Protein chains: 2
Amino acid sequence: MGNCGELWALWEPRGVWDMFLGEYEYNIDQKGRVAIPARFRDEFRGGLVVARGYDRCIVVYPLPEWQRMADKITSLPLTRQTSRRLSRATFASAYNLELDRQGRVIIPASLRDYAGIRDSAVIVGVHNCLEIWDKDLWAAEKSIMTEQAAEIAEAAEVAL
Amino acid sequence: MGNCGELWALWEPRGVWDMFLGEYEYNIDQKGRVAIPARFRDEFRGGLVVARGYDRCIVVYPLPEWQRMADKITSLPLTRQTSRRLSRATFASAYNLELDRQGRVIIPASLRDYAGIRDSAVIVGVHNCLEIWDKDLWAAEKSIMTEQAAEIAEAAEVAL
DNA sequence: CGTGAAGTGGGGAATTGTGGTGAATTGTGG
DNA sequence: CCACAATTCACCACAATTCCCCACTTCACG
C-alpha cells in the first residue's frame, strides 16, 4: 500500500495486559463465522472493525484503536491523491461488526476472498490488533519470518 | 533435588535476585506443564511472557522486561514490510501466561513444537530471561559452547 | 524421624469451539 | 405496495478442551 505517512506514530503503547499475543487456529463454518480467541473477547465487546491488512490478511481492531487510526487518516490533506487513495483503501474495505453470544464474528465474503480464507484460519495477535490468515498463507509467512527474524531484528537494531 | 538436578548453578551468589543464572532440568507432563525453578517464581508472580527464541528454544520474560522489548518494536514504522514481519514474528509467537499454584506454566503446543520439546526440558538462566530447551538440543548447544567458548567470545567482539 | 518445601500427576468443574434451528430481515418479482 | 423466497440474525445445545485445585511422593534440613 505504498508509503502512507506516519500512521504508526499515533498508536499509543499498549500495556502487557491488553496486548494481543499468540497464534490460534480456528475453523470457519459455512456461514463465514470465526471465533475470536476467548481471552481477547472482552476487548471487542463494544464492537470491532475488520479490514484488509497490508499483507494478505484481515486485520481486526477494537473500536477505540480503530477510531484513533481513522482520526489520523481523516486529518490528512485531501488535496493529495495519495491521501484520498489511502482513505478509500482504508474505509472501503472496513466493516463494523459485533461478536455474537458465542464470541464469533461473521467475516464478510469480500475480505475472506482477499485473504484466501476458506474453512480454516489462523488468528494472530500483533500487539494492538489481531490478524486473520489463511492457514497455508500463514505457514508461508511464518517460515519467511523464521528465516529472516534474526536479520530483520538486527537491521531494525532491536534485540530480543 | 532428585532428578531435577541443579547442574551449573554452583557459583550463584545469594542476593542477586534480579539475575537469572543456572541450569535446571524438569519433566513436562501430558498437559504441557513445566515447573519454573522455585527460586525464580517470585519474579514471575503477576505474569510472564513466553516466546520463540532466535535459536531453537523458548524464552521466558518477566513482564517489565517484555514491555521494554515490545516498546522498541512498536516504535518501528508499520508501513515497512520488514517492520511488520518483525512485529509478527515477535508478538505472534508470544503468550502471556501465569504460574499455577504449583509454580508451573502451560507451554503452548506451537512453542513446544518449535523448540522440539517433548517430555523433558532444561531451563537455563540467561541474565534477564530464562530459556527453555529440549534436553538433547541443549546438550548439543552446550557442547558447542564448551568447544568454542573462546572463539565465540572473540567473534562477539566483547572484552571481558 | 518430623517437618516443610518442591516436583509430579490426576480429577471435577467451568469454559470454549462448533454446528444447528427457528425467527426476523432483506431483497426481488409480481 | 404486497407476497414470497432467500438470506441474515440471535439464541440454543453439546462435545471437547482447558482451567483450577487437591493429593501424593521425594528430598533437604533440622
Side-chain angles (χ1 to χ4, degrees), chain A residues 17 20-48 50 60 95-113 117-125 130 132-135, chain B residues 1-7 9-10 12 14 17 20-48 50 60 95-113 117-125 130 132-133 135:
Chain A
W17 287 112
F20 296 118
L21 300 175
E23 180 183 346
Y24 313 87
E25 191 177 330
Y26 290 95
N27 293 331
I28 295 188
D29 60 26
Q30 294 101 343
K31 302 179 181 179
R33 296 181 294 190
V34 63
I36 298 297
R39 67 186 58 172
F40 301 137
R41 285 176 195 167
D42 284 343
E43 294 266 342
F44 296 109
R45 285 290 166 202
L48 57 88
V50 297
V60 186
Y95 297 85
N96 188 347
L97 306 176
E98 287 190 20
L99 299 179
D100 67 11
R101 195 165 284 189
Q102 280 67 37
R104 295 172 292 190
V105 286
I106 301 180
I107 305 292
S110 62
L111 289 179
R112 263 179 292 157
D113 291 345
I117 293 174
R118 305 184 116 218
D119 45 13
S120 158
V122 178
I123 296 190
V124 179
L130 297 178
I132 305 178
W133 288 76
D134 169 67
K135 194 178 169 188
Chain B
M1 202 155 186
N3 47 353
C4 355
E6 182 178 334
L7 311 171
L10 311 170
E12 176 177 340
R14 260 297 66 107
W17 273 103
F20 298 117
L21 301 173
E23 177 181 347
Y24 313 86
E25 190 178 330
Y26 290 95
N27 293 332
I28 294 187
D29 61 28
Q30 288 121 339
K31 300 182 180 179
R33 296 180 294 192
V34 63
I36 298 298
R39 65 182 57 180
F40 299 139
R41 285 176 195 167
D42 284 343
E43 293 271 340
F44 296 112
R45 291 269 142 70
L48 57 87
V50 297
V60 185
Y95 297 84
N96 187 344
L97 306 177
E98 287 189 24
L99 299 179
D100 68 11
R101 198 164 282 189
Q102 280 69 35
R104 295 172 293 189
V105 286
I106 301 180
I107 306 291
S110 61
L111 289 179
R112 264 178 291 155
D113 291 345
I117 293 173
R118 307 184 116 219
D119 43 15
S120 153
V122 179
I123 296 188
V124 184
L130 298 178
I132 306 177
W133 289 77
K135 195 179 170 187

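Quantities reported herein were computed from a predicted structural model and do not represent experimental measurements. Below, read A as the first sequence line, B as the second, and so on, with proteins coming before strands; counting in each chain starts at 1.
Looking at the side chain of A:Arg104, the nearest of the listed nucleotides D:dC19, C:dT16, D:dC12 is D:dC12. Minimum atom distance to the side chain of B:Asn27 is reached by C:dT8, of the listed C:dT8, D:dC9, D:dC11. Comparing D:dC11, C:dT8, D:dC19 against the side chain of B:Lys31 picks out D:dC19 as the nearest.
OP1 or OP2 of C:dG17 sits under 4.0 Å from a side-chain N or O of A:Arg41. Checking the phosphate oxygens (OP1, OP2) of C:dG7, a side-chain nitrogen or oxygen of B:Tyr26 falls inside 4.0 Å. Regarding contacts with the backbone of D:dA10, every side-chain N or O of A:Arg101 stays at 4.0 angstrom or more from both OP1 and OP2.
Under 3.5 Å, the side chains of A:Arg39 and A:Tyr24 contain a donor-acceptor pair of N or O atoms. For the residue pair A:Tyr26 / A:Ser120, no side-chain donor-acceptor distance below 3.5 Å is found, with atom types taken as modelled.
The aromatic rings of A:Phe20 and A:Phe44 sit parallel, their planes meeting at an angle under 30°, below the 60° perpendicular limit.
As a whole-Å value, the separation of B:Arg39 CZ from C:dG7 C1' is 15 Å. Distance, A:Leu99 CG to D:dA10 C1': 14 Å, rounded to whole Å. Across the protein-nucleic acid pair, B:Ile106 atom CD1 and D:dC21 atom C1' stand 13 Å apart, rounded to whole Å. Between the CG atom of B:Asp29 and the P atom of D:dA23 there is a distance of 19 Å, given to the nearest Å. Rounded to whole angstrom, the span from the CD atom of A:Glu25 across to the P atom of C:dT18 amounts to 9 Å. Residue A:Glu98 contributes atom CD, which lies 15 Å from atom C1' of D:dT8 at whole-angstrom precision.
By the 4.5 Å heavy-atom criterion applied to side chains, B:Leu99 and B:Arg41 are counted as neighbours. Residues A:Ile132 and A:Leu130 form no side-chain contact, since every pair of their non-hydrogen atoms from C-beta on lies 4.5 Å or further apart.
D:dA6 and C:dT25 make up a base pair, with Watson-Crick or G-U wobble contacts both under 3.5 Å.
Residue-level contact check: B:Ala35 touches neither bases nor backbone, having no heavy atom under 4.0 Å from any strand. Residue contacts shown for B:Gln30 are limited to sugar-phosphate atoms, with no base heavy atom under 4.0 Å away. When heavy atoms are screened at a 4.0 angstrom cut-off, B:Asp100 is found touching no nucleic acid atom at all.
Side-chain atoms of B:Gln102 and base atoms of D:dC22 include a donor and an acceptor less than 3.5 Å apart. With hydrogens and angles ignored, a donor-acceptor pair closer than 3.5 Å exists between the side chain of B:Arg33 and the base of C:dG10.
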